[in-house]
Asker: 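Here you go, one structure.
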Amino acid sequence: MTNQELWKIVLDEMELSLSKANFTTWFKNTSIVSSSDTAILINVPNGFAKEWLEKKFNKTIFKIIGDVKPEVREIKYTIGGGNLAERIQKGDFAQFIKNESVKKESADLEVNKTNNLNKRYTFDFFIVGSNNELAHAASLAVVKNLGKTYNPLFLYGGVGLGKTHLLHSIGNKIFSKDPSCKILYTPAEKITAEILDSLKNKTIEDLKQKYCLLDLLIIDDIQFVAGKEKTQEIIFSTFNELYSKNKQIILSSDRPPSAIPTLEERLRSRFEGGMIADIGIPDFETRLAILKLKATQKDFDIDDQSLSYIATNIQRNVRELEGALNRIYAFSQIYNKIPNFKEVKKLLAAYLSTPFKKTTHQTILKAVSDFYDVSINDIVKRSRKKEVVRPRQVCMFLLREETKYSFPEIGSKLGNRDHSTIIHGYEKIKAEEDADQRTKQELTLIKEKIYQTFDA
Ligand code: ADP
Ligand code: MG
């Protein structure tokens, strides 16, 4: 039997058990690209189909294939189009596995291992508006005159307004001008952990030495060191050493130095000794420009009316603005079409605060239970089964984000759990959402389901 014939059997059976819309959504443009006696590689058009097939349909597909070819042990899914199919020779699994791991590595390559700079964040992709004009100008001045004009440079502003982006932009620009320049970008949280570790291991002198050899030290979210005396002490001595050698220091924070509690006075006055610039909330034009730029970066041809709509409705946070665009982009990927204005409005519902958001805790539980294939009962009850732990945490997260319930209320909806358990679960998924592409996609898919954007 050829791969094509085998896949046709699977498709025919799946078609019988699914609605037409569902079948088309998940199985259109799928095929077997490669097979050996015991393994099969299925090609799918995009990440969402891959996710869905792995999560929802793998068991069924396995069963259908198992009826025909009982020796098959392994089914894998891969994203690609005709190209991939061409590249992968029949039966060549090794090649496939290699390709996959290469892809992963290239994603990691965006961050430079030595200086921690993320190549994605550059001045070229930073929109300047009245909210960040000063911070942007000061950043450019620092690039021009490292260690001389503004030292330290202290940028502050609310969450998701572009501080981290600017910090990396400065680092990247300096690095491209002079690759021998010793740069280190570090979140304050990370430098704190590093300092505490080396205090414990008695290697603190080595660490101080390492910092003091830098030409440019960038510490993100410095407010994190509040109350951490030992860390502040090391940062203070590093600061003095670098400063006296005209080496550049750049800091960011969610608030000005004067508003960071339990920051040692001597450190505060150091931070205030250079240039302080704030980043505020972008105006409509800036928000629209940012959206247009992000859409272009993705090669996403969404209309201006839709972008204006997003820019009108999401005002306070660029990360959210981007999140909304990503959601709509996800739609276009799944359905292989660019959503129209009406669809954009619907899709955005999940991102906007009430009264747009209309969902219930039952809907959320049902969507999560469907997605992970675990029963609502197991999620709510005190089941210790390993496979329900994560779905339960996803429920905690979504209940918090998508409804108005407080943590204790969520606890009572989820089998009378303590609110500290809920907070823990919420924060765990929240962190994963930021750091992990896969979690992000899962959450997008579940939200699609919650808000039933389409009539599948
Ligand atoms: P912060 O560090 O202030 O919390 P980030 O720098 O992480 O915020 O920005 C959040 C997201 O918004 C990033 O993806 C960033 O690229 C984007 N962003 C913020 N401001 C701008 C801007 N002016 N131009 C382009 N992208 C921006
Ligand atoms: Mg940041």
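Start at 1 and go down the list; that is how both ligands and their atoms are numbered. Note that these values count all heavy atoms, side chains included, but never hydrogens, waters or copies made by symmetry.
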Asker: If you count heavy atoms of other groups shown closer than 6.0 angstrom to CD of Gln297, is the number above 12?
Answerer: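 Yes, CD of Gln297 has more than 12 neighbouring heavy atoms, counting only those of other groups under 6.0 Å.
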Asker: Should Gly157 be listed as contacting ligand 1, given a heavy-atom distance under 4.0 Å as the test?
Answerer: no
Asker: Verify, without hydrogens or angle tests, whether His165 (side chain) and Thr122 (backbone) share a donor-acceptor contact under 3.5 angstrom.
Answerer: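 Checking the backbone N and O of Thr122 against the side chain of His165, a donor-acceptor pair under 3.5 Å is found.
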Asker: Look at the side chain of Gln223 and the backbone N and O of Asp254, then say whether any donor-acceptor pair between them is shorter than 3.5 Å.
Answerer: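 Yes: the side chain of Gln223 pairs with the backbone of Asp254.
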Asker: Counting non-hydrogen protein atoms only, what is the nearest one to atom 24 (N) of ligand 1? Give residue, atom name and distance.
Answerer: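 Protein heavy atom with the smallest distance to atom 24 (N) of ligand 1: Ile127 N, 2.9 Å.
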Asker: Test Lys292 against Asp304 for salt bridge (charged side-chain N to carboxylate O under 4.0 Å, His left out), laying out the working first.
Answerer: CA-CA 8 Å; Lys292 283 192 175 163; Asp304 284 359; 3.7 Å; yes
Asker: Would the distance check show the side chain of Ser31 and the main-chain N or O of Val33 forming a donor-acceptor pair, the cut-off being under 3.5 Å?
Answerer: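 Side chain of Ser31 to backbone of Val33: no pair is present.
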Asker: Would you mind checking which non-hydrogen protein atom is closest to atom 11 (C) of ligand 1, with the distance to 0.1 Å?
Answerer: Glu322 OE1, 3.2 Å
Asker: Begin with the C-alpha distance, continue with both residues' side-chain angles, and end with the deciding distance and a verdict on side-chain contact (heavy atoms from CB on, under 4.5 Å) for Ile423 and Glu427.
Answerer: CA-CA 6 Å; Ile423 293 174; Glu427 284 182 346; 3.9 Å; yes
Asker: Please write down residue, atom name and distance for the protein heavy atom closest to atom 7 (O) of ligand 1.
Answerer: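 I find the closest protein heavy atom is Arg319 NH2, 2.9 Å.
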Asker: Tell me, do Glu442 and Arg390 make a side-chain contact under 4.5 Å, heavy atoms counted?
Answerer: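 Touching, per the 4.5 Å side-chain cut-off.
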Asker: Report yes if some N/O of Leu161 lies less than 3.5 Å from some N/O of ligand 1; otherwise report no.
Answerer: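 In this structure, Leu161 places an N or O atom under 3.5 Å from an N or O of ligand 1.
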Asker: Okay, side chain of Asp221, backbone of Phe224: is any donor-acceptor separation there less than 3.5 Å?
Answerer: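 Not at all, since once roles are kept as given, no pair shorter than 3.5 Å links the two residues.
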Asker: Looking only at protein heavy atoms, identify the closest one to atom 2 (O) of ligand 1 and say how far it is in Å.
Answerer: Thr164 OG1, 2.7 Å
Asker: Counting only heavy atoms closer than 4.0 Å, does ligand 1 sit against the backbone of Asn132, its side chain, both, or neither?
Answerer: side chain
Asker: Tell me whether Arg316 at atom CZ has more than 12 heavy atoms from other residues, nucleotides or ligands lying less than 6.0 Å away.
Answerer: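 12 or below, so no.
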Asker: What are the atoms of ligand 1, with element, lying closer than 4.0 Å to any heavy atom of Gly158?
Answerer: 3 (O)
Asker: So does Glu264 get a backbone contact from the side chain of Gln232, meaning a donor-acceptor N/O pair under 3.5 Å?
Answerer: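 Yes, because the side chain of Gln232 sits within donor-acceptor range (under 3.5 Å) of the backbone of Glu264.
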Asker: Just to be sure I read this right, does ligand 1 sit under 4.0 Å from the backbone of Phe125, its side chain, both, or neither, counting only heavy atoms?
Answerer: backbone
Asker: What residue and atom, counting heavy atoms only, is the protein's closest point to atom 12 (O) of ligand 1, and at what distance?
Answerer: Val318 CG1, 3.2 Å
Asker: Measure the distance from atom 6 (O) of ligand 1 to every protein heavy atom, then report the residue, atom name and distance (to 0.1 Å) of the closest one.
Answerer: His165 N, 2.8 Å
Asker: Could a heavy atom of Lys294 be found less than 4.0 Å from some atom of ligand 1?
Answerer: yes
Asker: I need the nearest protein heavy-atom contact for atom 8 (O) of ligand 1: residue, atom name and distance, please.
Answerer: Gly162 N, 3.1 Å
Asker: Given Phe123, Tyr121, Phe126, which has its nearest heavy atom closest to atom 21 (C) of ligand 1?
Answerer: Phe126
Asker: Please report which non-hydrogen protein atom sits nearest to atom 4 (O) of ligand 1, along with the residue it belongs to and the distance in Å to one decimal place.
Answerer: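 The answer is Gly160 N, 2.7 Å.
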Asker: Asp303 side chain to Ser306 main-chain N or O, any donor-acceptor pair under 3.5 Å?
Answerer: yes
Asker: Going by heavy atoms, is Gly129 under 4.0 Å from ligand 1?
Answerer: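 Under 4.0 Å: no for Gly129.
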Asker: Give a yes/no answer: is there an N/O/S atom of Thr164 under 2.8 Å from the Mg ion (ligand 2)?
Answerer: yes
